[in-house]
Amino acid sequence: MLSLMPLLPLLNLLLLLPSVFSQSSTPPSASSLRRDADLALASSDYSSALSLYNSALASDPGDPVTYSKRYKFYNRVSRLPKERLPDELKGLSQEELTDLMVSDLSGAIEKGEYLNKGTYQGTKKDKEKASIVEARAELLSKQVKCSNAIKDYQFLLSLPPASMEILGSARTTWSDSLPRLHKCVDLSNTLTSLVTAVPAKRDDRRIIDLVTQLLELLKSSPQSLVRERVSASFRVGTVDAYYSAIADLGHLIKSFPSELDLLELRGTAYFNIGELSGAQSHFTACLKTDAEHKGCKKEHKALKTVKKKVGRADERGEKGEHKEAVEYLMDVKKVLEERSQLPGKSMPAAVLADLYLIKLVKELSGFKPSEAVALGREMVASHDGPESLVALAEALIADEQHQEAVNVLRAEMNKFGNEVPQMLKEAMQKAEVALKQSKEKDYYKILGVARGAAKSEIKKAYKKMALQWHPDKNADNAEKAEKMFMDIAEAYEILGDDEMRAKYDRGEDVTGNGQQGGGGRHGFPGGFPGG
């Protein structure tokens, strides 16, 4: 007879199999998944933690605790560098992570009925519920959803006295937040009305100011507001506005590195203020990622044309071929003026070519200051703005029209009220110093050199003037020659010394007698030139 004893272990195992299969087919509970997620998070295994929190919510979509746990997970990883984030979060911006946090806080509030006063019983759990509502209010304010944030805070402030006793000093924090949020609502409403106004009635400088106030008030930088300020800055189209756009676009590019249109915009801003190297680097970076990017490709082509012509103009200018240099620059001006008719391509300060022309006219001996003034006035007529006025003022100073330079700048400054651009303030200081010196003793005029003259030019001019006015060579006009001789010596002693020249240019006393240009210095520094 066949014995069954050796088969008993196998039979027992077969009897156990249905139980094993039954246990393995039972999915883990939301609470166990949440515990595993907490352990993974504690060990910085962020990918596993996120996967487990997601599974816990899929297992029980109505559990408010899992929503609040996942919110805390997002809040923690939002401070990590991109490379440490789970793969599914690496492509998200900070604002998109904030959206996820608000969504989970709202899920916890809805499923847990945290906006139902009846669920608050004056216990320690009230504190946890209120902290979830408070966290959502704070994030909503950073998203410029200030009206919704106010509703959350007002609910918290209406909780029963028993709950308030548990919550302690939090009430004061909530109360203090309300005035700031009400101001946010007012600013946001005004901004919306300006942004949606017809172009003819849109005040872009006011839009920039409102956005700046909101960013300072909220102590955050919502990308929607930053983008709005960039758009307004481009429409204003001044150098200051473009620099503001460049700064804002830098922050946006860090948050959205794959958005090539941002690189194009920042490159265009650099192009528009004549910083060609900055424009070049941005267009190149854009085309390196996408060689067929339409905007970057077009801007890069225009930039190459301008750089080529400007380079040739510089070469001609250095060789003293001033007329040829101007011809190249007039070609540049034509290219840029055609480009300036396109949206977002306006060139401040009479376009780049005019700035080069002014520089040539002021600094190269082949042109007269009066020609610079004529160009400057033409520039202001076609491109009104502080940059144009500053260039015109510099030309007027070179042409010794100091009072007119002051008048021109003062009229421009009055347009800005209490918010005068720094460039206008600096230009006015320079013009006032030049005006004051013109009424006393103008050392530049004595030596016959421009205010921007190089040190070598000053030394050369001083030697020439000293020889010309040496008393031994002017016996028939000795009194005038002696005075001129001493003035030339004094002028060179001041302008030939870098520190003294800087003080003189700032309008400080350099004579030692309490007033500018009062005389009192005698003899030629370093000896008489050529004698």
Side-chain angles (χ1 to χ4, degrees), residues 30-31 34-35 37-38 41-42 49 53 56-57 60-79 94-95 97-191 213-222 225:
S31 58
R34 200 166 56 235
R35 281 194 300 272
D38 291 344
L41 181 59
Y53 283 130
L57 272 176
D60 185 1
D63 187 352
V65 176
T66 307
Y67 279 106
S68 63
K69 288 273 189 179
R70 193 171 66 174
Y71 150 71
K72 291 173 183 176
F73 165 82
Y74 286 136
N75 189 37
R76 176 170 168 178
V77 301
S78 68
R79 295 185 285 272
Q94 190 64 40
E95 288 203 352
L97 273 173
T98 301
D99 289 339
L100 292 176
M101 286 188 268
V102 171
S103 177
D104 275 357
L105 287 169
S106 297
I109 290 169
E110 179 187 346
K111 304 302 181 183
E113 298 186 50
Y114 295 168
L115 290 182
N116 180 354
K117 293 179 187 177
T119 64
Y120 290 80
Q121 303 296 323
T123 65
K124 290 183 179 180
K125 286 187 176 181
D126 290 359
K127 195 167 187 178
E128 183 178 344
K129 295 175 185 177
S131 69
I132 295 295
V133 178
E134 180 183 15
R136 185 175 72 169
E138 289 177 0
L139 289 179
L140 286 171
S141 69
K142 290 180 179 180
Q143 292 181 318
V144 207
K145 297 176 181 177
C146 299
S147 295
N148 292 337
I150 288 172
K151 290 177 184 177
D152 280 351
Y153 280 125
Q154 287 177 335
F155 168 79
L156 292 171
L157 289 167
S158 70
L159 289 174
S163 296
M164 282 299 182
E165 188 174 342
I166 295 290
L167 297 171
S169 61
R171 181 185 180 91
T172 303
T173 303
W174 302 334
S175 297
D176 291 345
S177 297
L178 288 177
R180 175 175 60 87
L181 291 171
H182 282 297
K183 184 177 180 181
C184 167
V185 171
D186 291 341
L187 290 172
S188 298
N189 290 339
T190 305
L191 178 63
Q213 287 187 59
L214 275 168
L215 295 179
E216 291 174 353
L217 182 70
L218 301 175
K219 294 180 175 57
S220 65
S221 300
L225 283 181

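FYI, the numbering just counts along the sequence from 1.
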request  = Give the intermediate values and the outcome of side chain to side chain contact (heavy atoms under 4.5 Å, CB included) for residues S68 and L105.
outcome  = CA-CA 6 Å; S68 63; L105 287 169; 5.9 Å; no
request  = Go through the steps for E110 and Y67 under the test side chain to side chain contact (heavy atoms under 4.5 Å, CB included), then give the verdict.
outcome  = CA-CA 10 Å; E110 179 187 346; Y67 279 106; over 6 Å; no
Verdict with reasoning, Y114 to F155, per side chain to side chain contact (heavy atoms under 4.5 Å, CB included) = CA-CA 10 Å; Y114 295 168; F155 168 79; over 6 Å; no
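Counting heavy atoms from C-beta outward, S220 and L215 have side chains that stay 4.5 Å or more apart. Here the side chains of L214 and L191 are in contact, with some heavy-atom distance below 4.5 Å. Residues L140 and C146 fail the side-chain proximity criterion, which asks for heavy atoms closer than 4.5 Å. Contact of the K142 side chain with the T98 side chain is not registered, since no non-hydrogen atoms from C-beta on lie closer than 4.5 Å. L157 is listed as a side-chain neighbour of L178, based on a closest heavy-atom distance under 4.5 Å. Side-chain contact between P222 and Q143 is absent, with no heavy atoms from C-beta onward closer than 4.5 Å. For the pair S147 and I150, the minimum side-chain heavy-atom distance is 4.5 Å or more. Side chains of K151 and N148 form a contact here, defined as non-hydrogen atoms less than 4.5 Å apart.
Taking CZ from R180 and NZ from K183, the interatomic distance works out to 11.0 Å, rounded to the nearest 0.5 Å. A distance of 12.5 Å separates NZ of K129 from CG of L156, quoted to the nearest 0.5 Å. The CD1 atom of I166 lies 8.0 Å from the NZ atom of K124; values are rounded to the nearest 0.5 Å. Here the straight-line distance linking atom CG of N75 with atom CG of D104 works out to 11.5 Å at 0.5 Å rounding. For the atom pair CG (L181) and CD (Q154), the distance works out to 9.5 Å, reported to the nearest 0.5 Å. Here CZ of R34 is found 12.5 Å from CZ of R70. Values are rounded to the nearest 0.5 Å.
Side chain of T119 to main chain of E113: a donor-acceptor pair is present (N/O by atom type, distance under 3.5 Å, no hydrogens or angles). Between the S103 side chain and the D99 main chain, no donor and acceptor come within less than 3.5 Å of each other. For the pair R136 (side chain) and D152 (backbone), a donor-acceptor distance under 3.5 Å is absent. In this structure, the side chain of S163 does not engage the main chain of L159 through any donor-acceptor pair within 3.5 Å. The main-chain N or O of G107 is never found under 3.5 Å from a side-chain atom of Y71 such that the two would form a donor-acceptor pair. With S177 contributing its side chain and T173 its backbone, the two residues share a donor-acceptor pair below 3.5 Å.
Across Y120 and A130, no two heavy atoms sit closer than the pair OH-N, 4.0 Å. Here the closest heavy-atom approach between residue S141 and residue A149 is recorded as N-CB, 4.1 Å. Shown here for V133 and I109, the closest heavy-atom pair between the two residues is CA-CD1, 4.0 Å.
Other residues, nucleotides and ligands contribute more than 12 heavy atoms inside 6.0 Å of the CD atom of E138.
A salt bridge does not link D63 to K111: none of the charged side-chain nitrogens sits closer than 4.0 Å to a carboxylate oxygen.
D38 and Y53 are linked by a side-chain donor-acceptor pair at a separation below 3.5 angstrom, with hydrogens and angles left out of the test.
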